[in-house]
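So you know, we letter chains A, B, ... as the sequences are listed, proteins then strands, and number each from 1. When reading the values below, keep in mind they use all heavy atoms of this one structure, side chains included, and skip hydrogens, waters and symmetry mates.
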Protein chains: 2
Amino acid sequence: MTREHQSNPADVLGDLIKHFETSPEGGIDTASCPVRDVLDRIGDKWSVLILTLLAREPKRFSALNRVVGDISKRMLTQTLRSLQRDGLVERTVYPTTPPMVDYRLTDLGRSALEPLAGLIVWADRSHDQIRQAREAFDHKGEDMPLVS
Amino acid sequence: MTREHQSNPADVLGDLIKHFETSPEGGIDTASCPVRDVLDRIGDKWSVLILTLLAREPKRFSALNRVVGDISKRMLTQTLRSLQRDGLVERTVYPTTPPMVDYRLTDLGRSALEPLAGLIVWADRSHDQIRQAREAFDHKGEDMPLVS
DNA sequence: GAGGTATGGTCTCTTTCAGTTACCTACTAT
DNA sequence: ATAGTAGGTAACTGAAAGAGACCATACCTC
C-alpha cells in the first residue's frame, strides 16, 4: 500500500494518456503519439529479437543470420537498417576483403533494453496463462464469429 | 557498479535468449517463442492503447470508440475480442435495453501494465532522440537504397 | 582460366494479412 | 423518423513479409 501509491502503473499511464490527449476534437491524436511511433517500430517481426541478440556483444551480419535462421537476408538487412536509422544500432564496416560488418547497440539502444527486458520477462512468465485463456475462450464459444 | 551486476538488462536478456535457444539446429525457435507470441499481440495497432485506456477504470464500447476516435468499430471489436481471448480483458454484458457492455482489465491484464508503462515511458522520453537520429540518417545517406 | 568459397548485401516477384470503408442487424427511446 | 446501443459482414487495399536469384570482390585450388 505504500509504494503502490506512488508508482501505480495505472496512474502513470493515466497521466500519459492525459498528456497525449492533445488533439482538438477530444479524441486521442494517435498519429503523433510517440508510443505508437515506437511500438510500430519494435512491433515488427524481428526488431526485438535482434536487439536482444545484440545485448551482450556486437555481432556480424552473418552471425545474426545464422543464429536467427528463419529470417531472410532481406528482412535482416531491413530490420538492421531501420534500427540504425532510429539510432538504436550502430553499423561498423571493417575494410578487409571481403568486407566485414558488425552491428552493436548504441547508448540509446542499450537504454531500451531495460523496458524491453521487463516486457519480455512478463511475456515469458505470463505465456502459460495466456495460452490457457486462449484455449478456454476458443472452447467456450464454439460459435464465435468475426475471427472465424 | 553494485546494482548493475545483479540486474543488468543485457544479462537478463542473454539468459532468456539462451533459454529460448532450444531448437535442434542451433537457431532460435522463433515459432514457439513466447516473446514473439506476446509481441505479435501487443504489436498491433490498437492493443496497447486500449489496455492503457482501461487502466484506470472499466469503459464501455462506445466510450472507447469516442475516446480513440480514429479507430473503426470493426477494429475496436476485433482488438477487444483478442484481448479478451488472451485473458487480458473481461467483457461484461448488462441485461438492460439497449444492452450495455463494458470492458475491464483482468488481473493478468493489470499485470501487463507495469512492463507496458516502462516501455511507454521509455518511448516518451526517447522520442526526440529517435526523431533526431532518423533525420540525421535520412540526410546523411541521400543514396540509400532498399527502403527507397 | 574455370570453378568453389566467403562476405554482405540488392532486386524482383508473390503471397499474406492487418486495417479501412461502407452498409447491415435488432432493439428502444424520443 | 431518427438517433443511440453493440456490434456483424463483405469487399477492398496497401504494406509487410517470404522466396530466391543475383552481385562485386577477392582468395584459393585445380
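- In this model, the phosphate group of D/dG7 is approached by a side-chain N or O of B/Arg91 to a distance below 4.0 Å at OP1 or OP2.
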Letter by letter from the 5' end, nucleotides 20-30 of chain C scores (B base, S sugar-phosphate only, - none; protein heavy atoms under 4.0 Å) BB------S--
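- Protein atom CG of B/Asp40 is 15 Å distant from nucleotide atom P of D/dA16, rounded to whole Å.
- For the side chain to side chain contact (heavy atoms under 4.5 Å, CB included) test, residues two or more places apart in sequence or in another chain that qualify with B/Ala55 are A/Ala10, A/Leu13, B/Leu113.
- Atom CZ in A/Arg81 sits about 12 Å away from atom P in C/dG8, given to the nearest Å.
- D/dA17 atom P lies 13 Å from atom CG of A/Leu76, rounded to whole Å.
- Side-chain N/O atoms of B/Arg60 include one lying less than 4.0 angstrom from OP1 or OP2 on D/dA6.
- Taking 4.5 Å as the limit, some side-chain heavy atom of A/Arg60 sits within range of a side-chain heavy atom of A/Met100.
- Rounded to whole Å, atom C1' of D/dA17 lies 16 Å from atom CG of A/Leu80.
- When rounded to the nearest whole Å, the span between CG of A/Asp44 and C1' of D/dA17 equals 10 Å.
- Rounded to an integer number of Å, the gap from B/Leu64 CG to D/dT5 P is 13 Å.
- Residue A/Tyr103 places its side chain closer to C/dG9 than to any other of D/dT5, D/dG7, C/dG9.
- For A/Arg134, the side chain to side chain donor-acceptor pair (under 3.5 Å) test picks out B/Asp37, B/Asp86, with sequence neighbours left out.
- In terms of the side chain to side chain donor-acceptor pair (under 3.5 Å) criterion, residue partners of B/Ser82 (sequence neighbours excluded) are, by chain and number, B/Arg41.
- Evaluation of the side chain to side chain donor-acceptor pair (under 3.5 Å) rule for A/Asp107 yields A/Arg110 as partners, not counting sequence neighbours.
- In this structure B/Ser111 satisfies the side chain to side chain donor-acceptor pair (under 3.5 Å) test together with A/Trp122, sequence neighbours excluded.
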